[in-house]
> 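The following block contains the structure, expressed as structure tokens.
Everything numeric here is computed off the predicted structure, so don't read it as measured data. No hydrogens, no waters, no symmetry mates; every other heavy atom, side chains included, goes into these values.
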Amino acid sequence: MSTAARPLPTSGVGVLDKASVVLDIVGAGPTTLVELIARSGYSRATAYRIAHAMERLGLLSRDSRGRFVLGPRLGLLTVEARQDRLAQEALPILADLCTVTGLDARLYRRRGSVQVCIATSVDRAAGVDPAVVGTARPASAGPVAVRRRGWAYGPDPMVPGAVSHAVR
């Protein structure tokens with residue numbers, strides 16, 4: 001292996017160690033498969049298998065020239081690793097909504113074809129486990145999705161100046 005200059009990861013799980021090396025290499029800049037093979041020291045089959053699997057998971061992507069680049073999922077994970085400002089700002093509003101309605105209130109963020117719960121009015125310290133923050137459901141599920149399916153094409157009443165698109 002030609003990674004002698006770089007200390008090898010030591011998780012004890014070979015495929016994760018290899019994926020970590022691939023992330024290090026691609027993190028330094030766009031990388032072709034040939035470059036990935038040369039820098040990692042992995043066989044062509046191993047480098048391709050790891051990189052392709054990471055691409056399917058959104059950890060890697062390809063640029064317009066077909067080179068491997070860091071994928072969109074890493075950006076999402078980075079944003080979520082920091083305190084999510086929207087979720088923090090929403091907490092008092094969700095609590096007020098819960099007090100007024102007597103129902104749990106949750107905030108979802110849409111990610112492609114799913115919506116992910118990023119905040120809830122239920123307090124874990126109260127001994128209630130909402131088990132929803134971080135969970136995903138299809139974007140077509142839930143009361144908001146049902147409401148959006150009922151909209152015809154035209155002005156979006158939720159966002160002045162915007163146009164709604166019927167979700168079917």
Side-chain angles (χ1 to χ4, degrees), residues 1-91 94 104-125 128-142 144-145 148-149 159 162 164-168:
M1 226 165 136
S2 64
T3 56
R6 176 180 41 253
L8 293 175
T10 57
S11 73
V13 180
V15 72
L16 290 179
D17 293 345
K18 289 175 180 153
S20 179
V21 169
V22 169
L23 281 175
D24 285 346
I25 293 167
V26 175
T31 309
T32 65
L33 180 60
V34 171
E35 293 168 333
L36 189 59
I37 293 165
R39 292 183 194 164
S40 68
Y42 300 150
S43 69
R44 181 177 186 86
T46 297
Y48 175 80
R49 182 175 41 88
I50 300 285
H52 187 66
M54 292 174 73
E55 184 179 11
R56 284 192 313 259
L57 293 171
L59 300 172
L60 296 182
S61 190
R62 303 262 187 144
D63 67 9
S64 61
R65 294 172 51 190
R67 299 174 297 181
F68 290 104
V69 294
L70 295 178
R73 188 166 174 200
L74 292 174
L76 291 173
L77 293 171
T78 301
V79 168
E80 292 192 14
R82 298 184 335 215
Q83 287 290 24
D84 188 324
R85 185 166 176 226
L86 176 62
Q88 294 303 312
E89 296 291 327
L91 288 176
L94 293 173
D104 293 344
R106 297 179 183 135
L107 177 63
Y108 287 86
R109 176 174 283 142
R110 184 155 181 185
R111 297 234 170 74
S113 62
V114 298
Q115 45 188 329
V116 178
C117 182
I118 63 168
T120 180
S121 64
V122 178
D123 185 8
R124 282 187 186 267
V128 178
D129 185 8
V132 294
V133 173
T135 59
R137 66 181 185 189
S140 60
V144 173
R148 286 194 57 84
R149 280 196 300 267
V159 183
S164 69
H165 299 281
V167 178
R168 302 249 180 233

> Atom CG of L57 and atom NE2 of H52: how far apart are they, to the nearest 0.5 Å?
10.0 Å
> Any side-chain heavy atom of F68 sitting closer than 4.5 Å to one from V22?
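F68 does not reach V22 side chain to side chain.
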> Check L94 against A119 and note the closest heavy-atom contact, atom names and distance.
CD1-CB, 3.6 Å
> For R44, enumerate each residue passing the side chain to side chain donor-acceptor pair (under 3.5 Å) test, keeping only those at least two apart in sequence or located in another chain.
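Result, side chain to side chain donor-acceptor pair (under 3.5 Å) vs R44: none returned.
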> Using salt bridge (Lys or Arg N to Asp or Glu O under 4.0 Å) as the criterion, list what pairs up with R49, not counting sequence neighbours.
none
> Check whether any side-chain heavy atom of L23 sits under 4.5 Å from a side-chain heavy atom of M54, and report yes or no.
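Side chain of L23 against side chain of M54, heavy atoms only: contact under 4.5 Å found.
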> Identify the two heavy atoms, one from A47 and one from I37, that lie closest to each other, and give their separation to 0.1 Å.
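Shortest heavy-atom contact: CB-CG1, 3.7 Å.
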> When L36 is tested against each of I50, I25, L60, V21 for side-chain contact (heavy atoms from CB on, under 4.5 Å), which residue passes?
I25
> Over all heavy atoms of both residues, which pair between K18 and T46 is shortest? Give the atoms and the distance, please.
CD-CG2, 4.1 Å
> T32 versus R67: any side-chain heavy-atom pair under 4.5 Å?
yes
> Enter the distance from S121:OG to L107:CG here, rounded to the nearest 0.5 Å.
11.0 Å
